[in-house]
S.K.: 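Below you will find the structure I want to go over with you.
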Amino acid sequence: MSKEMIFIAIFVSAVITFSLRALPFVAFRGGRQMPEKLIYLGKILPSAIMAVLIVYCLKDAIRDVRGVGIAQFVAVIVVAVSYKWKHNTLVSIAFGTVCNMLLRIAI
């Protein structure tokens, strides 16, 4: 694959990503109200997505408790506690990731 094709693929991906993220701002600009279904989804989806991510991250923890399970369970607890403490998603993810990596190295 040539460099030009790679740059074109990256550019097209960037345009599509930007367009999808800008669409809600364009669709609901001005005085337009969001439909009740979208408001409901905005309230319920973040928790649902986090639950799915937790289940996905811990899916291998049961099979290999000693190898990755302990590190992953402790990292999940660190994320939960640090989020409760700081209310900052980025800081919580960073703490959990660092904790997970350090425990995997140590175990």
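Since the model is a prediction, treat every value here as computed from it, not as a measurement.
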S.K.: I need the full list of ring-ring contact (aromatic ring centres under 6.0 Å, His included) pairs touching residues 63-107, with sequence neighbours left out, sorted by first then second residue.
M.R.: Y83-H87
S.K.: Counting only heavy atoms from other residues, nucleotides and ligands, does the tally under 6.0 Å from NZ of K59 exceed 12?
M.R.: yes
S.K.: Side-chain donor-acceptor contacts of residues 99-107 below 3.5 Å, not counting sequence neighbours, with atom names and distances?
M.R.:
residue : atom : partner : partner atom : Å
N100    : OD1  : R104    : NE           : 3.4

S.K.: Which residue pairs pass the salt bridge (charged side-chain N to carboxylate O under 4.0 Å, His left out) test when at least one of the two sits in residues 64-87, sequence neighbours left out?
M.R.: none
S.K.: Among Ile, Leu, Val, Met, Phe, Trp and Tyr joined by side-chain contacts under 4.5 Å, find the other residues sharing a cluster with F7 and list them by chain and number.
M.R.: none
S.K.: Could you pull out every donor-acceptor pair under 3.5 Å between side chains of residues 10-39 and any protein atom, sequence neighbours left out?
M.R.:
residue : atom : partner : partner atom : Å
S13     : OG   : A9      : O            : 2.9
T17     : OG1  : S13     : O            : 2.8
S19     : OG   : V15     : O            : 2.7
R32     : NH1  : A27     : O            : 2.9

S.K.: Considering only distance and modelled atom types, tabulate donor-acceptor pairs under 3.5 Å from the side chains of residues 40-53, sequence neighbours left out.
M.R.:
none

S.K.: Output all residues satisfying salt bridge (charged side-chain N to carboxylate O under 4.0 Å, His left out) with D60, sequence neighbours left out; order by chain, then residue number.
M.R.: R63
S.K.: Scan for side chain to side chain donor-acceptor pair (under 3.5 Å) pairs involving residues 68-82, sequence neighbours excluded, and state none if there are none.
M.R.: S82-S92
S.K.: With hydrophobic residues grouped by side-chain heavy-atom distances under 4.5 Å, do V68 and Y56 end up in a single group?
M.R.: no
S.K.: Should V78 and V65 be regarded as members of a common hydrophobic cluster, given that ILVMFWY residues are connected when their side-chain heavy atoms come within less than 4.5 Å of each other, either directly or indirectly?
M.R.: yes
